[in-house]
Enquirer: 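Please see the structure below; I have some questions.
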Amino acid sequence: MKIVVIKFGGTSVGSINRIKKVAEIIAKYKKNKYKVVVVSSAMSGVTNDLVKKSEKISDDFDKTEYDTLVSAGEQISCSLIAGRLNHIGYVSKSMMAWQIPIQTDDNFRNANINNINIRKIINYLKIGGVPIIAGFQGVTKNGRITTLGRGGSDYSAIVLAKSLKAIKCIIYTDVIGVMTTDPKINNKAKKIKVISYEEMLEMSSLGSKVMQSNSVQDARLNRIDVIVKSSFSKNSGTLITKRKNIINNKVITGISVTKNDAKVTLVGVVDKPGVAASIFKPLYINNINVDMVVQNISADGHKTDITFTINSKDLNKTQNLLKFNKNVKYNKILFDREVSKVSIIGVGMITTPGVTFRMFQSLSKKKINILAISTSEIKISVLIKRKHIRKAVVSLHREFKLDQ
Ligand code: ADP
Ligand code: ASP
Ligand code: MG
């Protein structure tokens with residue numbers, strides 16, 4: 001069977017007119033004799049609205065009820081798409097994750113898919129039907145609804161493509177493909193024609209939400225080629241694939257930005273072996289992820305400053321954990337919510353000297369102070385004041401010739 005999995009994001013199904021347009025796109029694949037499996041997200045804004053409602057009910061909303069609530073938006077968009085396809089003469093029906101089932105672990109809010117029972121989907125394809133599958137949703141062994149993390153319908157689509165041995169997996173979204181940076185931050189952003197899994201994974205986990213990072217990891221592990229393209233305009237989009245399929249002469253492939261970091265500095269920490277472990281152990285026990293860490297060497301050998309970043313949603317909890325940590329002695333704690341991480345990503349930097357220097361020089365010319373740094377083989381991230389994001393991205397984009 002020539003199966004294609006096509007996924008539509010929130011903006012692509014954001015209105016009745018958009019849903020009619022999506023039905024036409026699906027119909028084109030049918031006319032080209034494909035067996036089409038559709039995955040849809042909720043209409044744009046709906047999931048956010050449900051999240052807000054849960055916050056108004058309780059600041060500690062039960063996580064199992066949270067997933068039942070926030071997964072509801074996908075039911076609406078899927079039935080509207082199926083209804084429209086029926087209207088224009090196609091056999092189609094919506095399928096919620098629990099009906100298939102798409103089985104996950106019980107890590108509510110951020111569940112991982114363990115298995116998809118493809119039998120009902122295959123049977124439906126055999127009779128010529130177009131299943132419209134709810135993205136973002138799963139179900140536990142005990143029958144409780146789960147969700148796959150924000151943006152998780154990309155992940156649904158990729159695991160479905162793997163399970164169904166689809167020949168194509170296409171992610172339809174509101175941009176023409178994966179761009180050199182978020183076009184909402186820099187209008188000079190250019191489409192990347194082909195990108196490696198590794199670079200895409202770094203970009204997604206460093207803030208480029210065009211693809212959810214779990215989904216990229218799954219595509220990489222299973223060697224599934226993914227096409228990201230627009231449901232609004234005709235463009236061939238971006239191919240995400242193996243590194244060896246790519247010829248790229250750019251040093252940097254893309255620039256990503258996060259907007260949810262917070263910086264914590266402990267000033268005047270007694271400098272002795274084991275002190276960093278004493279600071280980070282309670283954070284680890286409480287599932288708080290620490291990202292960048294900087295420790296200044298103390299001039300006198302007795303006291304030091306330790307700076308680290310966390311997700312800003314964890315800031316209040318971190319403040320309390322540090323205040324009540326009797327194992328660490330320091331003079332004061334400083335917090336900053338107004339910071340952001342800007343990262344340059346590209347396999348080209350492995351073989352090109354001077355990339356770090358060019359990044360720092362470019363930021364310094366714009367008088368942007370670097371608060372922390374972290375690197376890996378294919379990325380360099382710096383922490384800066386959030387108000388400087390646009391200036392930083394524009395200057396780095398130009399420095400690494402991504403404008404061209
Ligand atoms: P969907 O609802 O289709 O899943 P998302 O809003 O999750 O769409 O992702 C698309 C958005 O990602 C774009 O509108 C764009 O603003 C943002 N974005 C961030 N970084 C990039 C990038 N490097 N390339 C393309 N889009 C990006
Ligand atoms: N509707 C979900 C969200 O807003 C899933 C998705 O968009 O992929 O996070
Ligand atoms: Mg998305």
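Counting convention: from 1, in listed order, for ligands and their atoms alike.
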Enquirer: Which residue and atom name correspond to the protein heavy atom nearest atom 13 (C) of ligand 1, and how close is it?
Expert: Asp174 OD1, 3.5 Å
Enquirer: Give the residue, atom name and distance (to 0.1 Å) of the protein heavy atom nearest atom 2 (C) of ligand 2.
Expert: Glu74 OE2, 3.5 Å
Enquirer: So which protein heavy atom does atom 4 (O) of ligand 2 come closest to, and at what separation?
Expert: Arg150 NH2, 2.9 Å
Enquirer: Please say whether more than 12 non-hydrogen atoms of neighbouring residues, nucleotides or ligands are located less than 6.0 Å from NZ in Lys391.
Expert: yes
Enquirer: Between Asp62 and Thr64, do the side chains contain an N or O donor and an N or O acceptor separated by less than 3.5 Å?
Expert: yes
Enquirer: Residue-level breakdown please: for Thr181 versus ligand 1, do any non-hydrogen atoms fall below 4.0 Å on the side chain, on the backbone, on both, or on neither?
Expert: backbone
Enquirer: Can Ser153 be said to touch ligand 1, with heavy atoms closer than 4.0 Å?
Expert: no
Enquirer: We want to know whether Ser204 and Ser213 form a side-chain donor-acceptor pair, criterion being a heavy-atom distance below 3.5 angstrom.
Expert: no
Enquirer: Give the intermediate values and the outcome of side-chain hydrogen bond (donor to acceptor under 3.5 Å, both in side chains) for residues Ser362 and Ser395.
Expert: CA-CA 6 Å; Ser362 174; Ser395 82; 3.2 Å; yes
Enquirer: What part of Gln212, side chain from CB on, backbone N/CA/C/O, both or neither, has a heavy atom under 4.0 Å from ligand 1?
Expert: neither
Enquirer: Flag this pair as yes if the NZ/CZ of Lys93 is under 6.0 angstrom from the six-membered ring centre of Tyr124 and inside a 45 degree cone about the axis; otherwise no.
Expert: yes
Enquirer: Heavy-atom contacts with Val175 under 4.0 Å: which atoms of ligand 1 show up? List them by number with element.
Expert: 13 (C), 14 (O), 25 (C), 26 (N)
Enquirer: Less than 3.5 Å apart, any donor N or O on the side chain of Gln361 or Arg358 sitting next to an acceptor on the other?
Expert: no
Enquirer: Which of these, Lys184, Met179, Lys7, has its nearest heavy atom closest to atom 4 (O) of ligand 1?
Expert: Lys7
Enquirer: Please write down residue, atom name and distance for the protein heavy atom closest to atom 7 (O) of ligand 2.
Expert: Ser41 OG, 2.8 Å
Enquirer: What protein heavy atom lies closest to atom 8 (O) of ligand 2? Include the residue and the distance to one decimal.
Expert: Ser153 OG, 2.4 Å
Enquirer: Relative to the heavy atoms of Met203, which atoms of ligand 1 are at a distance of less than 4.0 Å?
Expert: 23 (N)
Enquirer: Would you mind telling me if ligand 2 is within reach of the side chain of Gln212, the backbone, both or neither, using heavy atoms under 4.0 Å?
Expert: neither
Enquirer: Could you find the nearest protein heavy atom to atom 2 (O) of ligand 1 and give me its residue, atom name and distance?
Expert: Gly10 N, 3.0 Å
Enquirer: Return the residue, atom name and 0.1 Å-rounded distance of the protein heavy atom closest to atom 27 (C) of ligand 1.
Expert: Val210 CB, 3.7 Å
Enquirer: Of all the atoms in ligand 2, which lie at a distance below 4.0 Å from a heavy atom belonging to Gly152?
Expert: 5 (C), 6 (C), 8 (O)
Enquirer: Just to check, does Gly151 reach to within less than 4.0 Å of ligand 2 when the distance is taken from its heavy atoms?
Expert: yes
Enquirer: Report yes or no: do Asp174 and Thr11 form a side-chain donor-acceptor pair below 3.5 Å?
Expert: yes
Enquirer: Give me the nearest non-hydrogen protein atom to atom 5 (P) of ligand 1 as residue plus atom name, then the distance to 0.1 Å.
Expert: Lys209 CE, 4.0 Å
Enquirer: May I ask you to check if Arg18 and Phe232 form a cation-pi contact, with NZ or CZ under 6.0 angstrom from the six-membered ring centre and within 45° of the axis?
Expert: yes
Enquirer: Pick from Thr253, Ile192, Ile345: which one makes a side chain to side chain contact (heavy atoms under 4.5 Å, CB included) with Thr180?
Expert: Ile192
Enquirer: Less than 4.0 Å between a side-chain N and a carboxylate O, is that true for Lys63 and Asp67?
Expert: no
Enquirer: Which residue owns the protein heavy atom closest to atom 8 (O) of ligand 1, what's the atom, and how far is it?
Expert: Thr173 OG1, 3.2 Å
Enquirer: Any side-chain donor-acceptor pair under 3.5 Å between Ser256 and Ser208?
Expert: yes
Enquirer: Just to be sure I'm reading this right: ignoring hydrogens, which of Val13, Asp182, Leu206 gets closest to atom 17 (C) of ligand 1? Compare them by their nearest heavy atoms.
Expert: Asp182
Enquirer: Would you call the rings of Phe8 and Tyr172 parallel, tilted or perpendicular, taking 30° and 60° as the class edges?
Expert: parallel
